[in-house]
Structure formats: C-alpha cells, structure tokens
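Working notes for the structure below.
Reminder, nothing fancy here: chain letters follow the sequence lines and each chain counts from 1.
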Amino acid sequence: MSTLHAPILRWYDRHQRDLPWRSADASAWGVLVSEVMLQQTPVARVLPVWAAWMERWPTPAALAAEPTGEAIRMWGRLGYPRRALRLHAAATAIEERFDGRVPDTYEELLSLPGVGDYTAAAVASFAYGARHVVLDTNVRRVLARTVAGHEFAGASVTAAERRLAEAVLPTEDAPLWAVASMELGALVCTAANPRCGACPVADQCAWRLAGSPAYDGPPRRGQAWAGTDRQCRGRLMAVLRDADGPVHRTVLDGAWADAEQRERALAGLMSDALVEQVGPDTYALPG
DNA sequence: CAATCGTGGTA
DNA sequence: TTACCAAGATT
C-alpha cells in the first residue's frame, strides 16, 4: 500500500482543480470558511458563495460584528443553514478566545462551533501544514477500495479504518497526501460510476483485483425528503431569506399546507435560533 | 450508535 | 422520474 503515494501525488499534480481556497494567498479564515461550506455540499455550489462571503467578511472579526441573520441570508441555498450560524459563532469565538486569529492546532480548532474531526484536521493541514489524518468521505472511499477491497466505506468511521488512514499517512508532506487522496475520490474514485480507467492506482486497487464485488454491507439509508420536516423547514427559511424584513405569519402559511407540521417546523427553527419572532404574528431571520 | 439537519445536480 | 449523494457535526 505504500506504493499508493507516488502515483496519486503525480496524478494530483496533473489533474488538481484550481480552487480559490487552495491558492497560496488563501487565509486560514478562507480555508475554514471553505471547509464548513463544503460539508455535505458540492464544490460547484460553494464556489460563488465562498467568493461573496470572503469579499464581505474577509476576517472573523468582520463576520462577528454582524447579526447572525446576515450570515444566514448570505448562506443562500447551500443547505444546512445551522452551518452559517455555527460559522458565525466560530468567528465570535475566534475573536474572543484567540485574539482574532484562526487557531492552528487540531484541539483548538475542534473547540470551535461547527468544527468536528474532519474540519479540524483539514484546517490544521491545509491552512497550517500540520500532519493529521484527514478522513473525509472521499478518502474513506479511496482507502476502502484500494486497500480494504470494498466498494464503499461503512456508515461510521471504525477504529481499524482510522488506523489504516494513519498507517498510510506519509511522514513528509502529509497535507499534500490528504488533498491528493481527497481529490482522487472526488474526481475519479467516485461513489457511483468510478472512472477506474483514469485511476493512477487501478492496477493495485484491492477492490478491482477482487473483481469489483458489489457492496454487501448493511443497507445505506437514503435521505428521506418529500413531506419531511426538513423540507418544510427549508421552505420556511427560503421565504424568510428572500424577504427584505419581517414576514407575517400568513405568508409562511402559504409556504406549507400542513399547519401542524408547519408550526412544529417553525418552532424548531426558533429553537435553533435560525428564526426569531419579532411581533405578535411576524417572524424574521435573527437580528 | 442512530437520527437529524437542506439543496440541487445527475444518471 | 426517482434515487442517489456531495470536503460532516451535533445530540
């Protein structure tokens, strides 16, 4: 498996995408913003929002100085708007606890709202050059196939999986390995219809060598959507985002027919601090 | 550990 | 058209 590195790094050198948060002059703040936006969200959708976000809030201090509702509005249709709220909270924490500078250690990064294991490792690696296992869905799939011989990684990260990722992590240039293996998973070793013909390690891929056996693990749950509270919340948030100011209850009523579910969703959004009630029958993004 | 949390592109 | 799924975190 030690022979994975050279081909993948060579492939990355030739095929890497030119993403703005990878540029040499990207700030640690820019890297952090990109990583949070990229959680469960495709690169293509993040690009324009990241650019607008960084222009408006080039530093954590700039974001922390504004109401959370502005962050939620700027988040647009990226999805999972609690990420916008947490990014704002992270900016505030960076101001208060780290003197305005994005922290450079895994532990300190992990202490920020909305930053979990992946994001902490990614920022420490990509913004500061630290050596960490950066275990995202792409890397997990690449290792599952090339080393373990399975089509897909399991539902959650296992201890064995983490040990494997640690064993593969090179001593030198760990961040380069992290970004290269992620990029391979994103562009070639994709979940559906992998482009094995373009893969630099196809000849040593355990999954291929085993005849590309179909996934036989536990069923991978799909994400229910139609008619769910999530869809209802999304509708309500879209109405509030697109409005200039407070919105009357009757307007929200028009966004979702089922009154009981609508009320539950609205209560949940307020509980999450994504929405606030500003009058007897009016609601708005938090000011 | 499992459930929850948005959105839109693609096959 | 439906189903899958994209650089996860939190509870």
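- The shortest distance between side-chain heavy atoms of R145(A) and P194(A) falls below 4.5 Å.
- A close approach under 4.0 Å does occur between a side-chain nitrogen or oxygen of R141(A) and OP1 or OP2 of dA6(C).
- Among the protein residues, D117(A) comes within range of the sugar-phosphate backbone only, with heavy atoms under 4.0 Å from sugar or phosphate atoms but none that close to a base.
- Note on W75(A): nothing from the nucleic acid sits closer than 4.0 angstrom, heavy atoms only.
- Protein atom OH of Y80(A) is 9 Å distant from nucleotide atom P of dC5(B), rounded to whole Å.
- Residue Q40(A) contributes atom CD, which lies 16 Å from atom P of dT4(B) at whole-angstrom precision.
- When rounded to the nearest whole Å, the span between CZ of R83(A) and P of dA7(C) equals 12 Å.
- Side chain R45(A) to base dT7(B): a donor-acceptor pair is found below 3.5 Å.
- When only modelled atom types and interatomic distance are considered, E108(A) and T105(A) share a side-chain donor-acceptor pair under 3.5 Å.
- A gap of 23 Å separates the P atoms of dG8(B) and dA9(C), to the nearest Å.
- In the model, E35(A) has a side-chain atom that pairs as donor or acceptor with a side-chain atom of Y118(A) under 3.5 Å.
- Distances shown here put every side-chain N or O of R241(A) at or beyond 4.0 Å from the OP1 or OP2 atom of dG6(B).
- Nucleotides dC5(B) and dC5(C) are separated by 15 Å at their C1' atoms, to the nearest Å.
- At the heavy-atom level, R17(A) lies under 4.0 Å from base atoms of the strands shown.
- Side-chain contact of R22(A) with S34(A): a donor-acceptor pair under 3.5 Å is absent, judged by distance alone.
- Aromatic ring centres of W29(A) and W57(A): separated by at least 6.0 Å.
- Closest-nucleotide positions on DNA chain B for Q231(A) and S156(A) were compared, and the one nearer the 5' end corresponds to S156(A).
- Among the atoms of the strands shown, none is found under 4.0 Å from any heavy atom of S34(A).
- Rounded to an integer number of Å, the gap from Y118(A) OH to dT10(C) C1' is 18 Å.
- The closest side-chain donor-acceptor pair between Y80(A) and R230(A) falls under 3.5 angstrom.
- At the heavy-atom level, V115(A) lies under 4.0 Å from the strands shown only through sugar-phosphate atoms.
- G116(A) comes within 4.0 angstrom of sugar-phosphate atoms only, judged by non-hydrogen atoms across all strands, and of no base.
- Atom CG in D229(A) sits roughly 13 Å away from atom P in dT7(B) (whole-Å rounding).
- Going from atom CD of Q39(A) over to atom C1' of dT7(B) covers 15 Å, rounded to whole Å.
- Contacts of A44(A) with the nucleic acid, taken as non-hydrogen atoms under 4.0 Å apart, are absent.
- Between W225(A) atom CH2 and dT10(B) atom P the separation is 19 Å, expressed in whole Å.
- Defined by atom type and a distance below 3.5 Å, a donor-acceptor pair is missing between the side-chain atoms of T171(A) and R131(A).
- Here, dG6(B) and dA6(C) have their C1' atoms 12 Å apart, quoted to the whole Å.
- Computed from coordinates, the M237(A) CE to dT4(B) C1' distance equals 16 Å when rounded to whole Å.
- The shortest distance between the side-chain N/O atoms of R77(A) and the OP1/OP2 oxygens of dG6(B) is not below 4.0 Å.
- Nucleic acid contact for A191(A): sugar-phosphate only, since backbone atoms but no base atoms lie under 4.0 Å from a heavy atom of the residue.
- Here, dG8(C) and dC1(B) have their C1' atoms 16 Å apart, quoted to the whole Å.
- Sequence order on DNA chain C of the closest nucleotides to L38(A) and G114(A) puts L38(A) first from the 5' end.
- DNA chain B is contacted by both L269(A) and N193(A); L269(A) maps to the nucleotide lying nearer its 5′ end (nearest heavy atom per residue).
- If you find the closest nucleotide of DNA chain C to L19(A) and to L110(A), the one lying nearer the 5' end belongs to L19(A).
- The base of dG6(B) sits within donor-acceptor range of the side chain of T41(A), with an N or O pair under 3.5 Å.
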